[in-house]
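Proteins come first, then strands; the chains are lettered A, B, ... in the order of their sequence lines, and each starts at number 1. The figures here come from the full heavy-atom set of this structure, side chains too, leaving out hydrogens, waters and symmetry mates.
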Protein chains: 2
Amino acid sequence: MSKNKVNIYDVAEKAGVGIGTVSRVLNNSDKVKDDTRKKVLEVMKELNYRPNKLAQNLARQKANAVAVIVPSFIDHFFVEVLKGIQDALEEENIDLILHKIDLNENRMKKIMDIVHSRKVDGIAALTMDISDTEDQELKDSGIPVVLADEFSADFHSIYFDDLKGAEMAVDYLAALDHSRIAFVNGDINSLHGQKRLEGVKKSFKKNNIIIDQKLIKDGDFYVEDGYQSMQEIFELPQAKWPTAVFAASDNQAIGVLQAVEEKGLKVPADIAVIGYDNIELAKYLKLTTIWQPMYQLGYLTIEVLLKAINGELKDIYHKELELKLVKRETA
Amino acid sequence: MSKNKVNIYDVAEKAGVGIGTVSRVLNNSDKVKDDTRKKVLEVMKELNYRPNKLAQNLARQKANAVAVIVPSFIDHFFVEVLKGIQDALEEENIDLILHKIDLNENRMKKIMDIVHSRKVDGIAALTMDISDTEDQELKDSGIPVVLADEFSADFHSIYFDDLKGAEMAVDYLAALDHSRIAFVNGDINSLHGQKRLEGVKKSFKKNNIIIDQKLIKDGDFYVEDGYQSMQEIFELPQAKWPTAVFAASDNQAIGVLQAVEEKGLKVPADIAVIGYDNIELAKYLKLTTIWQPMYQLGYLTIEVLLKAINGELKDIYHKELELKLVKRETA
DNA sequence: CTGTTAGCGCTTTCAC
DNA sequence: GTGAAAGCGCTAACAG
């Protein structure tokens with residue numbers, strides 16, 4: 001029977017000290033005589049004592065955990081970010097409570113539930129655009145929040161410049177002498193989708209490319225959406241087909257690649273393809289893409305969140321992470 | 001200033017009742033007069049009161065959370081499983097605390113730390129083979145544990161039959177008249193690797209295929225390992241090349257596909273490829289593979305864990321999930 | 001340096 | 001039905 005029911009009183013009694021002293025050695029207080037510390041430590045080991053974190057947390061009014069909120073669809077993008085998050089958290093020995101929030105449900109209510117539960121000291125939200133009307137309640141709660149992959153004037157945020165990224169992609173295609181360029185966009189209702197579209201248009205204008213609305217598709221950021229969009233493009237008269245396509249995510253680029261291949265066309269000879277994200281797989285697919293440093297995003301998000309929790313941040317922290325073009329073989 | 005500092009006493013006072021009553025309505029106790037309940041509920045809303053879960057948990061001696069332990073490498077396999085886990089958990093409103101554990105570190109110590117922290121009511125461990133010598137301590141702790149994708153006589157476990165799966169894959173290749181078959185295995189030190197190798201050998205024997213050790217590779221379950229293994233195979237004299245390869249994971253199959261393609265060879269005409277897992281991507285790569293129902297694995301794991309936590313499980317639960325061959329175009 | 005005491009915010013008997 | 005009081009296991013003053 002080693003059902004660990006031993007608590008601080010048991011240790012104190014057996015060591016012949018008060019519980020205050022036990023608590024002190026637990027918290028590495030320097031004001032404990034070496035002898036007593038040693039004695040207490042011994043008893044702890046003997047009894048196989050471990051502090052009850054639930055009790056510690058309640059007494060300290062600190063949860064020693066953060067919530068990470070992800071959209072319901074965990075895809076490659078989030079996996080990369082999560083890795084960064086986990087690594088950053090592990091170094092600090094802080095628990096990661098994973099919550100997923102569907103786009104269609106009452107997000108702010110769920111978030112506020114998390115806040116009020118007191119089970120976390122802070123929140124990292126991935127790709128959650130919080131509308132201005134919603135955010136007041138969250139702001140008022142005073143809980144540290146950092147937005148990853150989303151900008152907000154009201155919260156710490158770490159983000160990429162979607163416009164710039166899209167522009168970069170199309171510029172590259174244009175430099176390769178493509179003038180019939182399709183854009184397979186993701187969710188046009190998201191800020192990401194809108195900004196990327198802006199970037200595409202900006203580049204088109206700059207490079208004197210005439211916009212063909214039939215070559216601009218939107219859907220979502222998944223593989224099937226890319227596949228679907230490309231299928232639709234192939235329904236156009238062949239003369240209208242693009243010589244290059246920019247997909248708003250690597251996932252979609254994979255779908256595009258599939259569709260192109262099924263058509264018996266060659267990449268990049270017949271149709272060049274450039275993606276967005278640089279997920280791990282992109283390397284193996286030899287996909288040219290825009291690299292969003294996702295791991296770094298996750299890691300930095302936590303670093304900032306922990307600083308916020310520790311009150312080390314006076315102002316709202318805003319940071320744009322640099323995008324990079326990764327040239328491989330599809331464009 | 002809405003910094004939610006309101007507690008059960010505030011509510012009790014304002015409602016003109018004792019804290020016991022407030023607690024009762026909080027817990028939907030039936031022995032509260034409708035009038036008082038209504039009154040208390042009103043005050044709660046008015047004060048925007050939410051129970052402090054930290055305190056609830058301490059008083060109840062229950063964390064309302066489970067730990068999910070994953071290996072440090074979160075790949076597509078785990079993402080699928082995680083989805084199932086999350087869905088199952090969400091229905092029960094239980095928190096998911098994600099821990100990663102590296103293979104090389106002191107796993108049991110980390111696990112026992114989690115156990116003793118009291119922050120979780122149970123543990124779901126993915127792909128963790130717990131050695132017999134280690135498991136005693138965990139068993140003694142009495143905390144509910146369920147192993148996913150790993151069998152153990154001592155713990156609830158939900159698993160696949162690796163031997164059968166590998167056999168199935170090679171049988172299929174043999175039925176396609178392949179007799180020079182390479183096996184690109186994963187970690188040979190893992191039970192999975194060993195069992196799959198057994199399955200391959202069993203099928204070889206059954207189908208009168210002579211084992212060529214040069215065509216049996218091992219490494220790890222990642223893309224690069226598959227790529228690497230295939231490269232090594234291509235270093236053999238061309239006459240020795242296989243006409244088909246079975247990869248122990250879809251990740252590796254992707255690597256194999258790459259290597260084959262770079263060689264200018266056609267799949268499946270020159271070399272057929274079959275994978276293992278059926279990750280989401282497999283569909284788009286048209287990869288023939290052995291389907292391990294990963295989502296179901298995650299979902300069931302949580303269902304079992306919650307039952308164990310609620311004391312609804314008398315015996316150790318063991319369940320083998322069925323594998324299935326998914327025929328697509330690479331073999 | 002160390003013991004004692006009062007919380008942390010809730011649940012849960014135990015009386016009335 | 002409901003209030004009062006005693007924990008849950010720990011931290012953090014407060015004395016000495």
Side-chain angles (χ1 to χ4, degrees), chain A residues 3-44 47-65 95 113 115-121, chain B residues 3-44 47-65 95 113 115-121:
Chain A
K3 287 248 185 186
N4 240 58
K5 280 290 174 196
V6 23
N7 63 20
I8 205 170
Y9 286 92
D10 301 325
V11 176
E13 186 179 3
K14 182 144 188 181
V17 300
I19 62 161
T21 301
V22 177
S23 174
R24 277 176 211 111
V25 342
L26 225 43
N27 296 287
N28 292 312
S29 160
D30 46 346
K31 21 185 152 185
V32 178
K33 224 193 325 184
D34 272 2
D35 280 0
T36 23
R37 180 192 308 280
K38 206 177 138 220
K39 176 70 186 155
V40 171
L41 252 16
E42 253 169 34
V43 175
M44 283 182 177
L47 263 37
N48 193 20
Y49 166 82
R50 315 271 187 117
N52 179 323
K53 298 219 176 184
L54 251 34
Q56 280 186 325
N57 292 343
L58 179 59
R60 289 187 183 137
Q61 295 287 73
K62 193 155 187 301
N64 250 288
D95 285 337
D113 279 347
V115 172
H116 287 122
S117 77
R118 307 286 167 129
K119 289 186 81 165
V120 297
D121 305 313
Chain B
K3 286 249 185 186
N4 240 57
K5 280 290 174 195
V6 25
N7 62 20
I8 205 170
Y9 286 92
D10 300 326
V11 176
E13 186 179 3
K14 182 144 188 181
V17 300
I19 62 162
T21 302
V22 177
S23 174
R24 279 177 207 112
V25 343
L26 224 43
N27 295 288
N28 292 313
S29 161
D30 46 346
K31 23 185 151 184
V32 178
K33 224 192 326 183
D34 269 2
D35 278 1
T36 25
R37 180 191 308 281
K38 203 177 141 220
K39 176 70 187 154
V40 170
L41 251 17
E42 253 170 33
V43 175
M44 282 184 177
L47 263 37
N48 192 21
Y49 166 81
R50 315 271 189 115
N52 179 323
K53 299 218 178 184
L54 250 34
Q56 279 187 323
N57 292 342
L58 179 59
R60 289 185 184 140
Q61 296 287 71
K62 192 155 187 302
N64 250 289
D95 285 336
D113 279 347
V115 172
H116 287 121
S117 77
R118 308 284 167 134
K119 289 186 81 166
V120 296
D121 305 313

Can a donor-acceptor pair be found, under 3.5 Å and without considering hydrogens, that links the side chain of [X] to the backbone of [Y]?
X: A:Asp10; Y: A:Glu13; answer: no
X: A:Asn27; Y: A:Ser29; answer: no
X: A:Arg24; Y: A:Arg37; answer: no
X: B:Asp121; Y: B:Ala63; answer: yes

Compare all side-chain heavy atoms of [X] with those of [Y] and state whether any distance is below 4.5 angstrom.
X: A:Lys53; Y: A:Asn64; answer: no
X: B:Arg50; Y: A:Asp113; answer: yes
X: A:Lys14; Y: A:Leu47; answer: yes

B:Val6 vs B:Asn48, side chain to side chain contact (heavy atoms under 4.5 Å, CB included): CA-CA, chis, key distance, verdict: CA-CA 8 Å; B:Val6 25; B:Asn48 192 21; 5.8 Å; no
Under 4.0 Å from OP1 or OP2 of D:dT2: is there any side-chain N or O of B:Thr36 that close?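 Yes, such a contact exists.
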For DNA chain C, note the earliest and the latest nucleotide, 5' to 3', having some atom under 4.0 Å of a heavy atom belonging to chain A. C:dC1 to C:dG9
Which value, rounded to the nearest 0.5 Å, describes the distance between B:Met44 atom CE and B:Ile8 atom CD1?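 Rounded to the nearest 0.5 Å, the CE-CD1 separation comes to 7.0 Å.
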Run B:Lys38 and B:Asp35 through side chain to side chain contact (heavy atoms under 4.5 Å, CB included) and show every step you take. CA-CA 5 Å; B:Lys38 203 177 141 220; B:Asp35 278 1; 5.8 Å; no
Based on the rotation axes of five pairs at each end, what angle does the helix from C:dC1-D:dG16 to C:dC16-D:dG1 bend through, to 10°? 40°
B:Lys33 near the nucleic acid: base, sugar-phosphate alone, or nothing, with a heavy-atom cut-off under 4.0 Å? sugar-phosphate
From NZ of B:Lys38 across to C1' of D:dT2 the rounded distance in Å is 19 Å
Base-contact (B) and sugar-phosphate-only (S) positions in nucleotides 5-13 of chain D, heavy-atom cut-off under 4.0 Å, - elsewhere: B-BBBBBBB
